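Before any comments, here is the structure.
For ligands, and for the atoms within them, numbers begin at 1 and follow the listed sequence. This structure is a prediction, so every number in the text was calculated from the model and none was measured. Along the sequence shown, residues carry numbers from 1.
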Amino acid sequence: MKHFWLAALALNLALAGSASAQSTPYPAADLRSLYEDLLGKINAFPIFDHHAHPGYADDSDVDAMAAPPDMSSVLRLREDNPEFVAASQALFRYPYDDFKPEHAKWLADRKKDAERAGGTAYFDQILDQLGIETCLANRAFMAPYLDSKRFHWVFFGDSFFYPFDNRDVIGSNPDMGVYIPLQEKMLSRYKKQMNVEALPADLAGYEDFVRRTVALNQKRGGVAIKFEAAYFRTLYFSDPPRERAAAIYSKYRSAGVPSADDYRVFQDYIFRALVDEAGKLGLPMHFHSAVGIGDYFSLRQGNVLNLENVLRDPRYRKVNFVLLHGGWPYEREAALLTAVKNVYLDTSLQSEMLYPSQFKAVLKQLLTLYPDKMMFGSDAFPFNDALGAEESFWVAVRTSRMSLAAALAELVSERAISTDKALELAHMYLHDNAAKLYGSAVIAGANGGSK
Ligand SMILES: [Zn+2]
């Protein structure tokens with residue numbers, strides 16, 4: 001026994017001697033210089049933006065959804081945030097210090113000129129200024145002014161959930177009154193695209209329409225399918241028997257307003273068909289997995305943990321799932337779900353909504369869990385004619401590079417990881433993880449992506 005303690009004591013002394021290999025709870029005096037050094041390097045790293053809505057303000061295809069009337073906006077995303085002015089100054093040499101209407105007009109005019117001139121050079125130039133090499137564009141349809149070598153289409157899957165008479169859903173609250181008619185519009189555009197006039201006679205026909213639409217969208221350059229289902233319903237998808245879904249389809253195909261239960265069961269079935277098709281096509285599935293805008297977004301129903309039964313289903317091992325916005329405010333739950341081999345997340349939205357000191361803490365946690373699963377995202381979106389997706393990209397990129405450098409500097413200074421490891425993690429998060437996930441589908445020039 002005595003020998004054991006002596007041996008333990010000797011070991012402790014040996015460890016104390018190699019303090020550099022032992023992580024500590026406080027950063028050392030080198031924190032600030034580590035941060036400056038890492039930031040300098042990280043500022044030059046190329047970015048793969050995993051989630052954005054690029055486009056001009058008057059292009060309604062930038063999203064399949066629209067903001068509800070009179071919604072509350074978090075502080076940093078309000079139009080009077082001076083950081084947006086800084087963004088306009090950095091990107092366009094905007095000559096004013098505010099967005100007073102008479103000043104904002106200068107900016108709006110400039111963007112209108114670019115839109116009128118046409119061509120892909122304008123948004124390519126924005127990406128170049130920010131060091132973004134590749135950007136996934138989550139849009140209803142792509143636009144000819146987005147370069148198909150740089151911007152890759154992520155199309156929407158939610159409209160397949162709403163083929164019946166939607167009056168009850170639309171009337172359920174004012175926000176659904178905005179959202180669901182847009183889903184109906186999206187579905188009718190898909191029907192037109194597939195030359196489907198009326199709803200197919202039975203569930204088999206509808207399922208075929210759904211699968212063929214998804215396959216054609218992929219052929220047209222789609223690299224993933226996105227669901228903002230959390231805005232409309234629970235993210236918990238049951239696994240109903242086919243006969244039940246078939247009976248519901250027959251009942252409401254031509255008339256009648258489905259009960260909430262019937263509609264959900266039908267949607268759950270169609271969702272399962274979509275997961276199956278995505279697996280067959282090798283198409284990653286994206287989920288809005290964070291809190292949403294509007295007064296009626298349900299935090300409980302939108303909680304990313306509702307997806308757990310789908311994400312951990314062994315039948316779907318070959319389907320890649322990505323949790324957009326990293327589940328925030330349940331970002332730790334989302335991060336833990338990426339332990340599953342085929343589950344990833346991006347930090348879009350968080351990179352715009354959280355200030356660097358807050359986002360630094362998030363990244364520090366994420367990068368010490370499954371750093372091979374975490375991806376940068378902006379969620380850039382045009383706010384109005386003056387304040388566009390361009391400024392939104394700028395804020396997200398700048399916030400992410402700073403927060404990443406700060407999180408990694410702390411980890412290096414606390415002797416948790418080496419500087420080399422920090423730089424490796426930065427590359428993975430900003431670019432390499434996403435590039436690996438999408439592979440040949442997004443290699444510049446390799447994807448035709450017809451418009
Ligand atoms: Zn988005």
Inset, instruction - Test the K373-Y344 pair against the cation-pi criterion, namely NZ or CZ under 6.0 angstrom from the six-membered ring centroid and within 45° of the ring axis. - result: yes
Inset, instruction - For R233, enumerate each residue passing the salt bridge (Lys or Arg N to Asp or Glu O under 4.0 Å) test, keeping only those at least two apart in sequence or located in another chain. - result: D268
Legend entry - Y330: side chain to side chain donor-acceptor pair (under 3.5 Å) partners, not counting sequence neighbours: none
Inset, instruction - Using only heavy-atom distances, determine whether the side chains of H53 and D379 contain a donor-acceptor pair under 3.5 Å. - result: yes
Legend entry - Counterpart residues, side-chain contact (heavy atoms from CB on, under 4.5 Å), relative to R116 (two or more places apart): K112, D113
Legend entry - Total protein N, O or S atoms, the Zn ion (ligand 1), separation less than 2.8 Å: 3
Legend entry - Test side chain to side chain donor-acceptor pair (under 3.5 Å) applied to H288 and H325, K226, H51, the passing residue: H325
